[in-house]
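Below is one structure, written out as structure tokens; comments come after it.
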Amino acid sequence: MSATETLTVTLPDGKALELPAGATGADAAAAIGPGLARAALAVEVGNGAIEGRGEGEGVREVRDLARPLPDGARIGILTSRSEGSEPLALIRHDTAHVLAAAVMELYPGVKISIGPAIENGFYYDFEFPPDVSVTEADFPKIEERMRAHVKAAETFVREDISAAEARARFVEERQDYKVELIDDLVVAAREGGGAPLETVSLYTNGPFTDLCRGPHAPSTKTIGAFKLQSVAGAYWRGDSARQMLTRIYGTAFFTKAELEEHLERLEQARARDHRKLGRELELFQFSDLSPGAPFWKPAGMAVWNALTELWREQNRVRGYREVKTPILYDVELFKQSGHWDTYRENMYFTEVEERPMGLKPMNCPAHIQIYKDRRHSHRDLPVRYSEAGLVHRHEPSGVLHGLLRVRHITQDDAHIFCTEEQVQEEVVQCLRFGFYIYELFGFEPRLELSTRPEKRIGSEAMWDRAEGALEGALRAEGLDYELNPGDGAFYGPKIDLHMKDSIGRSWQLGTVQLDYSMPERFELAYTGADNAEHRPVMIHRALLGSFERFIGILIEHYAGELPLWLAPLQAIVLPVSERFSEYGATVCETLRGHGLRVELDDRGESIGRKIRDAELRKAPYMLVVGEREAGDGTVSVRRRGAGDNGGTVTLDEIAERLLADAVRRSA
RNA sequence: GCCGACGUAGCUCAGCUGGUAGAGCACUUCACUCGUAAUGAAGGGGUCCCCGGUUCGAGUCCGGGCGUCGGCUCCA
């Protein structure tokens, strides 16, 4: 055979496979084996680089099995058992098309927009006719229709047609969103400076055709199990000025068992929802009378105070001095700080004796007042003020979410006023402080460096120095970080600290921001060694983010089972009957005398009942006392969730153990 | 703020097409005095989110408001 009649591809194991010219991914799979041919979903194509490195490495694309393979490509056949998220993403995207197909059939006149796979499933956005509203109650009907498409094992057929032809087709079908997408593709190709857009791809399964880049599995039959999950509003193209579409969320898996396992996980995540646990454990409550503002109950306050102790202790150790500043100010302050111009919409205002006043949305202008109350020498710097600062922000009603998004926010705030030379070292110390705290909870930090945005103040030289200082700090600590070019604040670059919790969710907690704007606006100064006035740099720093949010995250991270040092109820004394209440009271008082949070359950209930209730309250230690213990001054120890295997120890021993645990702050 | 759903006892929820409310848990009382995840019995408890409308009659239907939930946008 001559070269033009064959093509060669390289398989993942490095072996070359020779195929007839024009062979497809499906042909390759068939050439490898009939089992693979049946299991194949798509083909991964990487160009060049037969040896697996060099040119082309990293350029890879997942393609339909039916597309011809390029000569010399490295390929891998994708099946449901392939590693990574791609196989699932593929069938989820397939399922999105099936959803759209079903919806088109059930709701004539519906306009379709886009339907991608997302992290745990997929969605499709629709514009329903004005008189139609779709709710979760309609899901069974839609799912039934979808099942028919899956059962029919419809082939996904790709056609590449000219943009003009596709446009005409969607104009004809009155699919305005598809027309807009095509127009934008054409414009993007033109503005990208490359070749003009020649064709767009359409995918058809059964009666349904969609504008789609692909890829898709060969047919709908690989969708093993799917479920529609929720319906929500979503702006067309994520733009709040544009049409609100109806988004239907769903998920899909290769097998029913996997789907059920996933739904089970969702159920478990709901069980650790901090709003549910907050109510059950009586940590906090919300009231219609003050939306977005938690009421801390005694148990929640115990957690708050334990966290505050950590915060206060560590700030002191690290050279911060705690301050406390008002929450209500003459609006002049916010005009000077700039918040009036940029943030007024989200602030709370009132009038006191005809004087317009506002609640602070940030603590920095307040700390600046303290800094300005005296003159500073370069010898004084850095000046570090910390405050559990209460700020109010009028968050839009739709975004409030338990403790995680509130209007009444207690930030673990700090501001450092320092010289430019000190910036890097101060940032290093902030990062170390953050890591110290996160490690206590087993959070794994991830860092992001955000640099100069388009709209900014200050000279290029200033930004060079500021970004250099942050980068220098990250490098000096040997830390990995992600770069977010252009994502900094207008007044300076920042490092954000993100964490992953026990179930893999990511949260942004801390932030370290350089600020060259506030010192300017408030004309901050220090006297240098040269006896001249200089501007200090200001570092804004929060590590927990806010006490409210951090506690919310902790509750979910620990599923309510807080470590002893944070637990509102550290131990509960359980007399086996009321006859031993007196001894129980002695035990309880002794432990309380050591500063531990202990209660006595002297209700006339059975010991089984008391243990059950104590477990539900998630007390780390249950101390059972009865005739034996009262006789020899001991307690029978039961650990939360561990059953009766803690042994029997003397009162002194248990006190010592609990105290050591609390002081160590062990997780 | 936007879209949608929801709002019934402290909690979780039931209440069909309009006829003045119900369960379990929790709570109270009594009995039991118990050894490692629910002892039994009796009892109390409701402006059915708020305002207005339709109706002989509204928890139920309609309109408005507030709040919550799921998303979207936002988080300087």
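Residue numbers begin at 1 in each chain, while the letters A, B, ... track the order of the sequences. Worth knowing before you read on, the calculation uses all heavy atoms, side chains too, and leaves out hydrogens, waters and symmetry mates.
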Margin query: Could you measure the distance from the CZ atom of F295(A) to the CZ atom of F284(A)? Nearest 0.5 Å is fine.
Written below: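 One gets 13.0 Å once the value is rounded to the nearest 0.5 Å.
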Next item on the list: Check whether the ring centres of H394(A) and F349(A) lie less than 6.0 Å apart, and answer yes or no.
Entry: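 No, they do not, as the ring centres are separated by 6.0 Å or more.
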Check: Are Y371(A) and F417(A) an aromatic pair by the rule of ring centers under 6.0 Å?
Finding: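 Yes, they do, as the ring centres are separated by less than 6.0 Å.
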Distance, rounded to the nearest Å, where [X] contributes [atom1] and [N] contributes [atom2]:
X	N	atom1	atom2	result
I611(A)	C34(B)	CD1	P	15 Å
E615(A)	U36(B)	CD	C1'	9 Å
R344(A)	A76(B)	CZ	P	18 Å
K297(A)	G10(B)	NZ	P	13 Å
E605(A)	U33(B)	CD	P	14 Å
R617(A)	C11(B)	CZ	P	18 Å
E578(A)	C32(B)	CD	P	11 Å
K276(A)	C13(B)	NZ	P	10 Å

Give me the distance, rounded to whole Å, that separates [N] from [M] when you measure between the [atom1] atoms they each carry.
N	M	atom1	result
U12(B)	U20(B)	P	27 Å
G52(B)	G44(B)	P	33 Å
C49(B)	A21(B)	P	15 Å
G71(B)	U28(B)	C1'	44 Å
C6(B)	A38(B)	C1'	32 Å
C16(B)	G59(B)	P	13 Å
G46(B)	A31(B)	P	27 Å
U36(B)	C30(B)	P	28 Å

Given [N], is OP1 or OP2 found less than 4.0 Å from the side-chain N or O atoms of [X]?
X	N	answer
Y249(A)	C3(B)	no
S606(A)	U39(B)	yes
R279(A)	U12(B)	yes
H401(A)	U68(B)	no
R275(A)	G70(B)	yes

Next item on the list: Map A234(A) and F490(A) onto RNA chain B by nearest heavy atom, then report which one ends up closer to the 5' terminus.
Entry: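 It is A234(A) whose nearest nucleotide is closer to the 5' end.
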Next item on the list: By nearest nucleotide on RNA chain B, pick out whichever of T648(A) and V134(A) is the more 5' one.
Entry: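 In this pair, the answer is V134(A).
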Should [X] and [Y] count as an ion pair when the cut-off is N to O under 4.0 Å?
X	Y	value
E180(A)	R242(A)	yes
E599(A)	R617(A)	yes
D341(A)	K335(A)	no
E482(A)	R446(A)	yes
R603(A)	D601(A)	yes
R174(A)	D176(A)	no

Review item, nucleotides 62-67 of chain B N/O atoms under 3.5 Å of protein N/O:
from   : atom 1 : to      : atom 2 : distance (Å)
G67(B) : O2'    : D288(A) : OD1    : 2.8

Applying a 3.5 Å limit to both distances, which nucleotide forms a Watson-Crick or G-U wobble pair with [N]?
N	result
C75(B)	none
U47(B)	none
A41(B)	U29(B)
U68(B)	A5(B)
A23(B)	U12(B)
U54(B)	none

Next item on the list: Report the residues that fulfil salt bridge (Lys or Arg N to Asp or Glu O under 4.0 Å) with E280(A), sequence neighbours left out, ordered by chain and then residue number.
Entry: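 With neighbours one apart ignored, the set is K276(A).
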Across the strands shown, which category fits [X] at heavy-atom distances under 4.0 angstrom: base, sugar-phosphate, nothing?
X	answer
G238(A)	sugar-phosphate
R638(A)	base
S577(A)	base

Side chain [X] and base [N] donor-acceptor under 3.5 Å:
X	N	answer
R612(A)	A38(B)	yes
E629(A)	G35(B)	yes
R405(A)	C74(B)	yes
Y235(A)	G1(B)	yes

